[in-house]
Protein chains: 2
Amino acid sequence: MRYYRFLSESGAKKPPQTITSAQIAAALDIDPTQVRKDFSAIGLLGIGRVGFEVCEVCRAIRVALGFDQRHEAVLIGTGHLGAALLAYSGFARYGLHIVAAFDMDQRLVGSKVAGCTVKSMRSLKPFIRKHGIRLALLTTPVEASQKLADRLVSVGVKAIWNFTPTRITVPPEVLVRDEHISLGLSVIAYHLTHEVDSPSS
Amino acid sequence: MRYYRFLSESGAKKPPQTITSAQIAAALDIDPTQVRKDFSAIGLLGIGRVGFEVCEVCRAIRVALGFDQRHEAVLIGTGHLGAALLAYSGFARYGLHIVAAFDMDQRLVGSKVAGCTVKSMRSLKPFIRKHGIRLALLTTPVEASQKLADRLVSVGVKAIWNFTPTRITVPPEVLVRDEHISLGLSVIAYHLTHEVDSPSS
DNA sequence: GATCAAACGTGAAAAAAATCTCATTAGGGG
DNA sequence: CCCCTAATGAGATTTTTTTCACGTTTGATC
Ligand SMILES: NC(=O)c1ccc[n+]([C@@H]2O[C@H](COP(=O)([O-])OP(=O)(O)OC[C@H]3O[C@@H](n4cnc5c(N)ncnc54)[C@H](O)[C@@H]3O)[C@@H](O)[C@H]2O)c1
Ligand SMILES: NC(=O)c1ccc[n+]([C@@H]2O[C@H](COP(=O)([O-])OP(=O)(O)OC[C@H]3O[C@@H](n4cnc5c(N)ncnc54)[C@H](O)[C@@H]3O)[C@@H](O)[C@H]2O)c1
């Protein structure tokens, strides 16, 4: 949820230690009731007149979403996007740790990308087995996605974070999260083309 | 919309030229009625017994979403993520063309990233003015986001594609599209932590 | 050409989500 | 110590989204 980001960064600045649902709602421009509903859904109760305790809420969200646990992941396809993700340090705050990177390209194997040595695809299976990896990030060309997904699933991966613009099919117990950049692009393209028509509202 | 991606790639393989709403619905696992509703919303009418003409639908979506027009954009922050985006060739299919890249780092200025020469931040304003740029991609550190956004807006940018994990505030006529990677991460973390609890359903 | 079935469009119904209202509770001020 | 304001939690209400159901159209079949 977006609550977590807002609270953890606003809490870091000045510690009022307590925040009201109306404040959160105003900052994220949503309805205050919505905030309270969501919070109570994960068993959070505010206290009248003061609101919610920031730390408490953060912790509850961390627990509810699983950010408090360590999730180890592998990255397949150490290309441009893969390198960017490897270099990104913001994942740790959500409990995600990319512990290995793999690539088919033999020229890349052995090289260091963002402090992570790229491994050969041959070592993928034993690595996942050995470390009990349950999450994989897919940043390969689209052609390879489905094949790699099948391979990952067969080795026991339980979730795939798919940055490839293709829909991949997996058994129902495996989660695929598609990071579709084109969806955002749609919104932008629409705005840019129709912006002149309706400047107001 | 996700329709476009599916149709354009499925249409490329084998040209049945015509597709039924049920087929689309099955592939994207949504309700067939939803497909028809969405299509009719952009003035698309299928014909009984045959369904929809693939090319026709693609074209209508392109027009409706503005993919048929050329959108020129600048990229601010030629770091890891910025380089990946510059290298990505998939934007052209949606009408997006990144025509220039900017960075504060003087060591980067002048160098070529993915065939695009990195420009100095000083030249940002004149460039946008001169070329009438209306879209900017933000891939800078979070600290700089708001300031850059203000600057971009003041020069006439109408939409900002924000890859930064911060909420930025802009005048209402300007569109900000946040590409929040952490949202996807939430879903994954949740699945991984609760997967063992409910293996079925 | 008459019939049949597949797929469409549309309006109603159901479900889900967002919003509003209000009684309740807890601090702050007199 | 009592009242008053501010903020909560929960139920009611409204709005939006999704789904269902049915009449109509259109190509295929006989
Ligand atoms: N770069 C972006 O900004 C961006 C944006 C959106 C989507 N994407 C998608 O992300 C994917 C990767 O993009 P990229 O720019 O990093 O491409 P890239 O070509 O830079 O990287 C792809 C990497 O995958 C490796 N690879 C190819 N086949 C493989 C296989 N079978 N097994 C293992 N590794 C393999 C290649 O050696 C290469 O290193 C693409 O599908 C692209 O559509 C990228
Ligand atoms: N790398 C990822 O996969 C990833 C994922 C999600 C979000 N993000 C976000 O994207 C942003 C960039 O990530 P990155 O990995 O590319 O970082 P990076 O440090 O590699 O790149 C940032 C670039 O911005 C430039 N820059 C800094 N301040 C600037 C300014 N005021 N004006 C112009 N340029 C400036 C820097 O010189 C640098 O080249 C960060 O906010 C990060 O949180 C990155």
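Applying the side-chain contact (heavy atoms from CB on, under 4.5 Å) criterion to B:Ser111, with sequence neighbours excluded, gives B:Leu108, B:Val113, B:Val118. A search for side-chain contact (heavy atoms from CB on, under 4.5 Å) contacts involving B:Ala92 returns B:His97, not counting sequence neighbours. Every residue two or more places apart in sequence or in another chain that forms a side-chain contact (heavy atoms from CB on, under 4.5 Å) with B:Val157 is listed here: B:Ile128, B:Ala136, B:Leu152, B:Ile160. For B:Ala100, the side-chain contact (heavy atoms from CB on, under 4.5 Å) partners two or more places apart in sequence, or in a different chain, are B:Val74, B:Phe102, B:Lys119, B:Phe127. Listed by chain and number, the residues in a side-chain hydrogen bond (donor to acceptor under 3.5 Å, both in side chains) with A:Asp105 are A:Arg107 (sequence neighbours excluded).
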Checklist entry - With the sugar-phosphate defined as primed atoms, P, OP1 and OP2, and the base as all remaining atoms, what B/S/- string results for nucleotides 8-20 of chain C, 5' to 3', for protein heavy atoms under 4.0 Å? => result SBBBB-----SBB
Give the table of side-chain donor-acceptor pairs shorter than 3.5 Å for residues 22-31 of chain A, with sequence neighbours excluded, one pair per line with atom names and distance.
from	atom 1	to	atom 2	distance (Å)
A:Gln23	OE1	A:Thr20	N	3.0
A:Asp31	OD2	A:Thr33	N	2.9
A:Asp31	OD2	A:Thr33	OG1	2.8

Enumerate donor-acceptor pairs with a distance under 3.5 Å from any side-chain N or O in residues 47-58 of chain A to protein atoms, sequence neighbours excluded.
from	atom 1	to	atom 2	distance (Å)
A:Glu56	OE1	A:Arg59	NH2	3.1
A:Glu56	OE2	A:Arg59	NH2	3.1

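With the end axes of the helix from C:dG1-D:dC30 to C:dG30-D:dC1 each set by five pairs, the angle from one to the other reads 0° at 10° resolution.
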